[in-house]
Structures are given as C-alpha cells and as structure tokens.
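For ligands, and for the atoms within them, numbers begin at 1 and follow the listed sequence.
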Amino acid sequence: MGDKMACKPTAERLLNQARQDTEALKAKGIHPHLAVVLVGENPASQVYVSNKVKTCGELGIASTFEKLPADTTTEALLALIQKLNGDDGVHGILVQLPLPEQIDESAIISAIDPDKDVDGFHPVNVGRLSLGEPGLFPCTPMGVIELLKDSIDVLKGKHAVVVGRSNIVGKPMAQLLLKEHCTVTIMHSRTQNPADVCGQADIIIAAVGVPGLVSGDWVKEGAVVVDVGINELTKEADVTRFCKEGSRKMKAFRKKGRILYGDVFYDEALEKAALVTPVPGGVGKLTIAHLMVNCVTAAKRKADV
Ligand code: GUN
C-alpha cells in the first residue's frame, strides 16, 4: 500500500522561487508582467484564468486580463497578440485554450513571440525542447519534473511511461523525461497490451483524459504514479466503479451529483504503487506555479539578468 503524493511542497518551492526572483527584478527596475487572454465564457477556463491572475497578484507579478467575446475572429485576436508582442512592458502572453471553434488556434499560438510564450506551445519552443536548447516549456510537464526530482532520489535510468500523446502534456513530458535520462515509452489508444507496457514503468504519467484508465494491473509494485487527468464524473455507475460506498468522494458525489476524477484508478493504483498523486488537489498547483516561474524567466531573459 502506497502513499498519496503531495504536490503542494513542490508548488510552494516554485512559487517562493518566483516570488524572490520577482523581488530581485523589481529592485533592478524590472516588473515582470503577464498578459492573460480569455475568449468566450467557458466556465472551466474562467476559473483557470482567474487563478492565474490571482497568483500573479500574490507574488507581486503584474498582470493584464484581456477578456474578448465568444464571437471574436482570428484576425481580431491576432491584432491583440501583435499589440502584446510589441509592448515592452509585457513579458509573458498566455491565451487560454480551448478557443472558440471559429478561431485558428495554431495561427494564434504561432503568432505569439516565442520569448513571451509562457505556455511553451509555440513551434519554436517545441523545437528548442526537442533539441535540448533553452526556451520556455509547457507548465504542467515542467511542474511534474520538479515534483519527480523532489520525490525520487535518482531519475536517471528509470523507465517512465507516459500515457497520452497530447501536445500540451504527453509529448513535452516525454521530451523532459528524456532530458533527465529516463528511458521513455509513450502509450496511446493504439498501444497493444497496455497493461504489459505500462506494467514495466518505474514512473507512470497519466495524461489521456479517460477516467480511471490506469487500473491496478497496469501498475508495477513500488511505481510512482502522477495523474494529470481531470475528468468530471456525473453518472452514478462511473462513480461506483471507482469509489467505495462511504468514501469521501462518494459522499461528495451524493451531495453535488458530480466529482472530479483522474486518469488513474486511484484506490487500485495505491495498492501497488509507492506514490500516487490525488485528483483534485494534485498537479494543478504545479501547473500554475510553473507558469509563474516561466513568466519570471521570460522577464529575466529579456533584461539579460
Ligand atoms: N487549457 C488547458 N490547459 C492549458 C494550459 O496549460 N495553457 C493554456 N493556455 N490553456 C490551457
């Protein structure tokens, strides 16, 4: 039986680092500044964006919040990006995804100045990551690497299996693990014998968006399991599959009619693993903390300090 893997200490370390760096930059007359752009009314995006702006305030990072209507065109959003690219006082630009479907998402991502691209989604930063060059890299995978460094003595040589191949998490996660000298396997929906493949992992990173996919028989004894999935469960049959009657999650479901659940079958995985991150209350904190680090990094590089 393993333990819940706490993400908060790593998130706090990153936030403290960003806070101290912000103070040092301000002492030199540089005020790190993040511009956050939200298009439309997606409720989850509104929560994420307000948490990002709030965290900037807590660390002394300046922020601008640009809220655009749901019917915004690609051209109008591109014009805003150009304005922010040209503003020397703005160090980081974040356009919250997903964008409404009339907007060309890849044109928007490619329009952001790569040195202000605090999400690390621009093709130039994707290339820099795969070449092992300095750049700005995606916040969730970067935060997960910091968590693993805080939790595992030696990453070098470990077999890491990444479940999922998204541009935001799976692919950059695999690149960052490679940089740490892990042996890396990427699994996806067409992978054959998934339990056998995943069952070889010392480290499992689940980021696929399928609730409870990583069941106990996918987990090797003593593995470290990081759950990046956030899925909403609203059907009783799904919840009873993963959560015991009388558990905290089940009580929450009975009260609210919905719960958030990860990509890992938590109770089963915990029986085998050494450590498993919870959902919610897990890696989400790391993402936002690393966004702050990226913003300060962008400001430092611009000032060449
Ligand atoms: N939507 C979900 N995750 C992210 C993220 O990390 N960055 C942005 N910009 N949008 C997101």
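What sits closest to atom 10 (N) of ligand 1 on the protein, heavy atoms only, is Leu97 N, 3.0 Å. Nearest protein neighbour of atom 4 (C) of ligand 1, counting heavy atoms only, is Gln96 NE2, 4.2 Å.
Only the backbone of Val95 comes within 4.0 Å of ligand 1, counting heavy atoms alone; no side-chain atom from C-beta on gets that close.
Side-chain contact, Asn16 with Arg19: a donor N or O sits under 3.5 Å from an acceptor N or O. Residues Thr10 and Asp150 bring a donor and an acceptor atom of their side chains to less than 3.5 Å of each other. For the 3.5 Å distance criterion, the side chains of His33 and Thr64 qualify, holding a donor opposite an acceptor.
Annotation: Ile168 places no N or O atom under 3.5 Å from an N or O atom of ligand 1; distance criterion only.
The backbone N or O of Phe121 sits nowhere less than 3.5 Å from a side-chain atom of Asp119 that would complete a donor-acceptor pair.
Judged by the shortest distance from any of its heavy atoms, Phe121 lies inside the 4.0 Å radius around the atoms of ligand 1.
Heavy-atom proximity to Asp119, at under 4.0 Å, picks out these atoms of ligand 1: 5 (C), 6 (O), 7 (N), 8 (C), 9 (N).
Ring geometry for Tyr261 against Phe242 counts as parallel: the plane angle stays under 30°, on a 0 to 90° scale with 60° as the upper cut.
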